[in-house]
Amino acid sequence: MTASSPAPTPIADTPLAVTDRLFFERAGSTLDRVAAERLTAAALADCDDGELFLEYRESEGISLEDGRIRTAGFDTTLGFGLRSVAGEATGYAHAGELSEAALKRAAATVGAVSAGHAGTAAEPPRSSNARLYSDANPLSAMDFSARTALLAEIDVYARAKDSRVKQVMASLMGEWQAVQIVRADGRRVADLRPLVRLNVSIVVEQDGRRETGSFGTGGRFGYDRVVGADIWHAAADEALRQAVLNLDSRPAPAGEMPIVLGPGWPGILLHEAIGHGLEGDFNRKGSSAFAGLLGQRIASPGVTVVDDGTMPDRRGSLTVDDEGTPTSRTVLIEDGILREFLQDRLNARLMGVRATGNGRRQSYAHSPMPRMTNTVMLGGAHEPDEMIRSVKRGLYAVNFGGGQVDITSGKFVFSASEAYMIEDGRVTAPVKGATLIGNGPDALTRVEMVGNDMALDPGIGTCGKSGQGVPVGVGQPTLKLAGLTVGGTAA
């Protein structure tokens, strides 16, 4: 189904002005700004920290399969979350309505946490004038019928490219999120966040064997950045290339061997196996494999990892996080030495360090926690071909699918969706069914070469933690690891 959307936001409007209209001046609203500030201040009077988080979100998803639109949905959400923090305790209440009565009920609920507590309010986040992406609503900038026509065109294009194509699946997803954060002292911060994504998946068949390839791209911008013919042609071509390649793949071998990881999206292994272990809450509680290791060497020389939420237009970027703190470029590991953890306000205060702008939440119905934004390993000095030539027999992993990680131990299992054998210093046959098995902290010490070709992922990452999903980015150069265990299917 479709629904009418607001007109594009004029450039002259500030995020605060836009969100004031959405939350306090919209038709039927019974919550005005003065009442919101007054009730928030009263609810948090004896707390160490907390905020009122207001959210409006429009989202849509359209998918096509075998030339027909299979799903088309549009959703609008509006609500608030009120959080109080007293010591380590957190009180949280939320409602899917904006009214003074609902906010009063929420205030009474979260007040139980601070009963008898005489807290000193933490310093508020610093202000920022940064604008990392457009404020415009992407859903209102392109007609719904044009989006469905585009998906149909992708189907026709892919089938015309190769007679072996048996199935084409394509989807467009977009959202526009408006947030305002109100603090106890009356300070207010707002952000307007666009997000779009295009996905293409293709199934091919040859001699009774079917294989699949897929590709996606997106970021914090409008649909115009993903619907141009050059963009979706490239997406369909890449999905088809992967599918056809898999037709010739052979079972992956098993055992420990040198691994070369490709640039860009393979950084998802870094994100999952290492990044989560560098989040402040796990380290404050001592449950991370990296707890207590600040200032110590945890990785090979040459390994530098940053979390950067300030990259313009990137999927994981935020002008401010969901507590109102401007995001930053945080150096987590510098030349192999652990330098800093990712922090929201609560864990930063309890650990006596700065908040890094990594307090994130899925929606107004969720309390914030430390989360990654764009987590990237910086480039080194080696040529990718040099790494391949240095391997007698090993695996070259270019793309990854799903994986599992244990934060406490760092143990991980990841499946490679595109991988090749390396034999006598050359990339040879594609293989299927390869899984990489290892331990994040141990893997960091096995990095032997860091490439000079650092690349970012195409804009498709979503990170899950404690039941909450948020958009993220990853990136890395080509890497050579001395050895990981490969789980394969070859006899």
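All values below were derived from every heavy atom in this structure, side-chain atoms included, with hydrogens, water molecules and symmetry-related copies excluded.
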- prompt: Taking NZ, NE, NH1 and NH2 as the nitrogens, is one of them in K465 or D281 under 4.0 Å from a carboxylate oxygen of the other?
  reply: yes
Donor on one side chain, acceptor on other, R21 and Y56, under 3.5 Å: no
query: Is there a donor-acceptor contact under 3.5 Å from the side chain of S201 to the main chain of M169?
result: no
- request: Starting at CG of L318, measure out to OH of Y133 and round the result to the nearest 0.5 Å.
  value: 5.0 Å
message: Does this structure show an ion pair linking R210 with E205, if we count only N-O contacts that are shorter than 4.0 Å?
response: yes
query: Is there a donor in the side chain of N358 and an acceptor in the side chain of E279, or the other way round, less than 3.5 Å apart?
result: no
query: With sequence neighbours left out, what residues match D75 under side-chain contact (heavy atoms from CB on, under 4.5 Å)?
result: S59, T77
message: Any side-chain to backbone donor/acceptor pair from S84 onto G50? Under 3.5 Å, distance only.
response: no
message: What I want to find out is whether R159 reaches D155 closely enough, with some N-O distance under 4.0 Å, to be called a salt bridge.
response: yes
Contact check, side chains of V305 and L378, non-hydrogen atoms, under 4.5 Å: no
message: Can you list everything that forms a side-chain contact (heavy atoms from CB on, under 4.5 Å) with A273? Sequence neighbours excluded, please.
response: L269, F412
field: Residues forming a ring pair (Phe, Tyr, Trp, His ring centres under 6.0 Å) with Y364, sequence neighbours excluded
entry: none
query: side chain to side chain donor-acceptor pair (under 3.5 Å) with T19: which of E25, R188, Q180?
result: Q180
query: So do M421 and R250 actually touch side chain to side chain, heavy atoms under 4.5 Å?
result: yes
- request: For residues Q476 and L261, determine if any side-chain heavy atom of one lies less than 4.5 Å from a side-chain heavy atom of the other.
  value: yes
- request: Look only at the side chain of S287 and the backbone of N283, and say whether a donor-acceptor pair between them is shorter than 3.5 Å.
  value: no
- prompt: Is there a side-chain contact between L247 and L245, using heavy atoms and a 4.5 Å cut-off?
  reply: no
task: Go through the structure and list residues passing side chain to side chain donor-acceptor pair (under 3.5 Å) with S145, not counting sequence neighbours.
output: D143
task: For the pair R26 and D20, find out whether any cationic side-chain nitrogen is under 4.0 Å from an anionic carboxylate oxygen.
output: no
statement: Sorted by chain and residue number, the salt bridge (Lys or Arg N to Asp or Glu O under 4.0 Å) partners of E65 (sequence neighbours excluded) come out as none
- prompt: By side chain to side chain donor-acceptor pair (under 3.5 Å), which residues pair with Q177, not counting sequence neighbours?
  reply: E55, R193
message: Ignoring hydrogens and geometry beyond distance, is a side-chain donor-acceptor pair present between E211 and N246 at under 3.5 Å?
response: no
- prompt: So, does W265 use its side chain to make a donor-acceptor pair with the main chain of I460 at under 3.5 Å?
  reply: no
task: Could you tell me which residues satisfy side-chain contact (heavy atoms from CB on, under 4.5 Å) with I181, sequence neighbours excluded, listed by chain and number?
output: E51, F53
task: Decide yes or no for E60 and R147: does some side-chain heavy atom of the first lie under 4.5 Å from some side-chain heavy atom of the second?
output: yes
task: Tell me yes or no: between the side chains of N374 and S317, is some donor less than 3.5 Å from an acceptor?
output: yes
statement: In terms of heavy-atom contacts, P370 and N347 come closest through CG-ND2, 3.6 Å
- prompt: Looking at side-chain heavy atoms only, is the closest gap between M311 and V376 below 4.5 Å?
  reply: yes
message: Can you confirm whether L240 sits close enough to V165 that some side-chain heavy atom of one is under 4.5 Å from a side-chain heavy atom of the other?
response: yes
- prompt: side chain to side chain donor-acceptor pair (under 3.5 Å) with R187: which residues, sequence neighbours excluded?
  reply: D185
message: Is it the case that the side chains of T327 and D321 hold a donor-acceptor pair, with the cut-off being a distance below 3.5 Å and no angle test?
response: no
- prompt: Are side-chain N/O atoms of S63 and T71 paired as donor and acceptor at under 3.5 Å?
  reply: yes
message: Can a side-chain donor-acceptor contact be found between R315 and T462 if the only test is distance below 3.5 angstrom?
response: yes
- prompt: Taking atom NZ of K411 as the centre, does the number of heavy atoms from other residues, nucleotides or ligands within less than 6.0 Å exceed 12?
  reply: no
message: Going by the rule side-chain contact (heavy atoms from CB on, under 4.5 Å), which residues pair with A95 if we only count those two or more places apart in sequence or in a different chain?
response: F80, E97, A102
Side chain to side chain donor-acceptor pair (under 3.5 Å) against T373, all qualifying residues, sequence neighbours excluded: D307
message: Any salt bridge linking D66 with R68? Criterion: basic side-chain nitrogen under 4.0 Å from a carboxylate oxygen.
response: no
message: Among residues at least two apart in sequence or on other chains, which ones pass ring pair (Phe, Tyr, Trp, His ring centres under 6.0 Å) with H276?
response: H271
- request: Mind jotting down which residue pairs meet the salt bridge (charged side-chain N to carboxylate O under 4.0 Å, His left out) criterion with at least one end in residues 259-268? Sequence neighbours excluded, please.
  value: none
